[in-house]
Protein chains: 2
Amino acid sequence: METKYNIVKQAIRSKILDGTFQPHQKINSESELMKQFSVSRHTVRLAIGELVNQGWLYREQGAGTFCADRSKEESLSTIEEQKNIAIITTYISDYIFPSIIRGVESYLSERGYHVSLFSTNNDHENERRFLEKILAQHFDGVIIEPTKSAISNPNINYFLNLERKHLPYIMINACYDGLEPLSLVVDDEKGGFLQTEHLIELGHKNIAGFFNSDDSQGIKRMEGYLKAHRKHQLPINPNNIIKYKTEEKTIKPTEELENLLSLPSKNRPTGLVCYNDELAIALLNVLRKKNLQVPDDISIVGFDNSFLAEVSEVKLTTIQHPKSEIGVKAGEIILELVKQSKRYKPNKAMVESIVFEPELIVRNSTKAR
Amino acid sequence: METKYNIVKQAIRSKILDGTFQPHQKINSESELMKQFSVSRHTVRLAIGELVNQGWLYREQGAGTFCADRSKEESLSTIEEQKNIAIITTYISDYIFPSIIRGVESYLSERGYHVSLFSTNNDHENERRFLEKILAQHFDGVIIEPTKSAISNPNINYFLNLERKHLPYIMINACYDGLEPLSLVVDDEKGGFLQTEHLIELGHKNIAGFFNSDDSQGIKRMEGYLKAHRKHQLPINPNNIIKYKTEEKTIKPTEELENLLSLPSKNRPTGLVCYNDELAIALLNVLRKKNLQVPDDISIVGFDNSFLAEVSEVKLTTIQHPKSEIGVKAGEIILELVKQSKRYKPNKAMVESIVFEPELIVRNSTKAR
DNA sequence: TCCGATTTGTTCGTATGTATG
DNA sequence: GCATACATACGAACAAATCGG
């Protein structure tokens with residue numbers, strides 16, 4: 001689908017969906033589009049022709065081509081309830097997302113709704129594609145887990161367009177800057193704080209922290225790590241803070257840990273604060289290879305209290321994550337918002353963002369020294 | 001309305017309306033129409049293009065242009081294509097299903113389709129509810145993982161109804177008796193056979209097998225277990241075969257293992273064949289508590305080669321499961337079926353059921369004795 | 001009201017790519 | 001492998017409608 005006319009077509013469609021072209025607004029003329037895309041007039045006309053046929057545009061000879069107003073048809077089709085909620089996550093199969101999705105699905109399916117699933121694989125381009133699809137088709141609401149929430153988001157226009165179309169959406173796990181939607185998040189800073197303080201209270205003074213720097217969860221957990229150090233007036237060694245991107249997660253943290261372990265023993269960390277349980281398990285593997293005992297030689301704290309925490313011979317000390325509960329709550333809230341938007345009720349402020357309080361789960365991977 | 005392309009268009013339309021062109025009949029080719037009306041190819045294409053957009057004709061590259069079957073007003077009333085595939089699984093978050101779902105989603109979303117997710121939690125009543133919803137709304141195809149595939153299915157009528165409505169569906173992992181849909185399954189009997197034979201070839205003579213009896217996978221893996229015993233003329237001790245229902249999975253197998261371990265040492269099994277990796281990990285926990293070493297004291301074989309196999313201190317010997325590959329294949333096949341059903345083509349037998357061949361992955365949880 | 005620049009509508013020609021049978 | 005048929009893309013020309021001055 002990488003034909004020239006399709007490229008032109010999708011580009012125009014995107015500008016409609018992200019709100020650049022408002023209903024009845026004149027779009028670029030054929031000759032302008034020819035220059036912009038370096039294609040022949042025929043190709044431009046083919047692209048526009050299909051969009052006209054699909055009801056996105058209308059043409060007026062001598063005047064120009066205009067963005068159609070789809071709101072009327074849409075309101076017709078939203079009357080017959082679709083009962084369809086979209087959920088966009090970064091990863092489907094990794095780790096805790098299946099639990100969140102299950103929570104959403106179980107709540108919604110009991111109420112006659114169904115869930116359409118979109119996975120961005122942490123790629124903004126995919127996120128954009130899915131938002132376009134959701135805007136173009138009929139969904140009653142959207143639950144979004146932001147992609148790369150730590151960096152600025154190029155798709156903000158689409159979210160604003162969701163608001164313009166009164167399509168309710170909520171965010172889970174994190175939230176983009178510049179948007180103020182309802183959101184369901186864990187207090188990640190406090191989580192990171194609890195992880196670190198636990199080790200400090202056990203007498204550890206040299207604590208390494210491993211944090212994903214792509215999403216805001218990682219950044220906040222790191223801030224909690226720093227806060228705990230400051231509160232207990234423990235000096236922070238910058239070398240003890242390892243930040244990694246998602247793509248590097250299988251290599252960089254383990255390498256960096258090996259570096260830390262090769263230091264002279266007085267400089268070597270005695271405790272590891274991990275971005276999540278998955279990473280904790282990966283680091284545990286490194287420690288095994290080096291014949292280091294957990295928790296006797298080194299303590300390690302995970303995050304999420306996933307099944308991984310109880311799978312190994314060393315049961316992980318970790319932080320509770322709401323997982324499927326967050327999914328159920330997300331289902332509840334989105335349905336309430338859908339109800340409000342259907343009834344055109346001035347919102348009763350019944351629904352509010354929720355911040356889940358993290359909680360330390362102590363198992364066998366940490367020990368006083 | 002006396003433009004050339006309009007003349008051509010009306011002429012073709014007339015031939016459809018007066019029955020000269022019957023549904024699915026090939027109409028004159030573009031070059032023939034050029035001669036007939038003495039117009040350029042572009043003009044012919046313009047005329048045909050509009051008729052295609054209005055649903056009078058459909059084109060097939062290389063084959064020709066055909067008269068559409070307008071009797072089905074249903075397909076027309078859903079103006080824009082929904083491109084919506086439903087997937088019904090037993091569990092969303094358990095284990096390997098996320099990988100399968102991810103495979104389906106990644107394949108379909110790249111092709112502009114989206115996936116609606118339904119989870120039965122292994123309950124036929126839910127399965128029925130979802131099938132009703134799918135029949136009532138508009139979906140282009142359905143991927144189903146059967147619920148409790150080992151016992152007879154009360155929802156068979158719904159599947160027959162899917163066929164009546166020409167709604168393509170395929171089954172993954174297992175297949176209901178009495179239906180002959182396309183299906184994607186692992187050769188579970190061979191898998192169970194490989195698990196067991198591996199232990200036999202390592203010199204084990206007393207091998208316990210733990211099988212889920214709800215789904216046909218469990219039954220078939222058990223049959224493979226029996227077959228391996230027979231092939232190697234090893235007597236089968238019925239007490240060594242533990243069958244459990246899904247609801248019992250957290251309790252019964254571990255209890256039964258404890259019973260087996262409390263037997264006098266000569267009757268105690270030295271190898272464990274597990275329904276899947278998840279169970280293997282659960283049994284591994286029991287063995288740890290009893291201070292038994294794997295693989296020195298006892299060998300254990302999993303199934304699925306999931307992430308669980310590599311998470312523990314003992315890396316599991318297990319059987320390869322296609323996981324996300326099965327999802328991708330399911331996506332491929334369902335789209336092919338959708339295409340065929342849309343085009344009303346007699347199926348080209350391009351698509352066939354696939355049986356994935358299992359493969360033994362040897363790691364550290366098994367050892368010769 | 002008319003003019004001219006702009007914009008879309010119709011039609012032709014040509015060439016190459018790709019799927020089908 | 002080959003002819004056929006549709007798909008994509010370039011170029012050119014003139015017609016018809018619109019709009020600002």
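Order of the sequence lines sets the chain letters (A, B, ...), proteins ahead of strands, with each chain counted from 1.
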Quiz item: With a 3.5 Å cut-off and no angle check, do the side chains of T147(A) and T120(A) form a donor-acceptor pair?
Solution: yes
Self-check item: Approximate separation, where rounding is to 0.5 Å, of I48(B) CD1 and T43(B) OG1
Solution: 11.0 Å
Exercise. Please tell me which of S31(A) and V39(B) maps to the more 5' nucleotide of DNA chain C, matching each residue to the nucleotide holding its nearest heavy atom.
Key: S31(A)
Exercise. Check the distance between dG9(C)'s C1' and N6(B)'s CG and give it to me in whole angstrom.
Key: 12 Å
Self-check item: Plane angle bin for F66(A) and Y58(A) - parallel if under 30°, tilted between 30 and 60°, otherwise perpendicular
Solution: parallel
Quiz item: Which heavy atom of E132(A) sits nearest a heavy atom of R128(A), and at what distance?
Solution: OE2-NH1, 2.6 Å
Quiz item: Quick one: how far along DNA chain D does chain A reach, first to last nucleotide 5' to 3', anything under 4.0 Å to a heavy atom?
Solution: dT8(D) to dT18(D)
Quiz item: Under 3.5 Å, is there a donor-acceptor pair between the S116(B) and S116(A) side chains?
Solution: yes
Quiz item: Which part of the nucleic acid, if any, lies within reach of S29(B) when heavy atoms closer than 4.0 Å are counted: base, sugar-phosphate only, or nothing?
Solution: sugar-phosphate
Quiz prompt | Pairwise 5' ranking along DNA chain C for E30(A) and S38(B), keeping only the more 5' one | solution = E30(A)
Quiz prompt | pair I172(B)-V185(B): side-chain heavy atoms closer than 4.5 Å | solution = no
Quiz item: So, D18(A) versus T20(A): side-chain donor-acceptor pair below 3.5 Å or not?
Solution: yes
Quiz prompt | Atom-pair distance (CG on L46(B); P on dC12(C)), nearest Å | solution = 11 Å
Which atom pairs link the protein and nucleotides 14-17 of chain C when you take only N or O atoms and keep those under 3.5 Å?
unit_1: dG17(C); atom_1: N2; unit_2: Q61(B); atom_2: OE1; d: 3.4

Quiz item: Atom CG of L33(A) and atom C1' of dT7(C): how far apart are they, to the nearest Å?
Solution: 12 Å
Exercise. May I have the distance from M34(B) (atom CE) to dG13(C) (atom C1'), rounded to whole angstrom?
Key: 10 Å
Practice problem: Answer yes or no: does a side-chain N or O of R59(A) lie under 4.0 Å from OP1 or OP2 of dG9(C)? | Solution: yes
Exercise. Output yes when a side-chain donor or acceptor of Q137(A) lies under 3.5 Å from a complementary backbone atom of I134(A), and no otherwise.
Key: no
Quiz item: Start at the 5' end of DNA chain D and walk down; is the nucleotide closest to G62(A) or to H42(A) reached first?
Solution: H42(A)
Quiz prompt | E247(A), E127(A), K148(A) screened by side chain to side chain contact (heavy atoms under 4.5 Å, CB included) with N122(A), the one that passes | solution = K148(A)
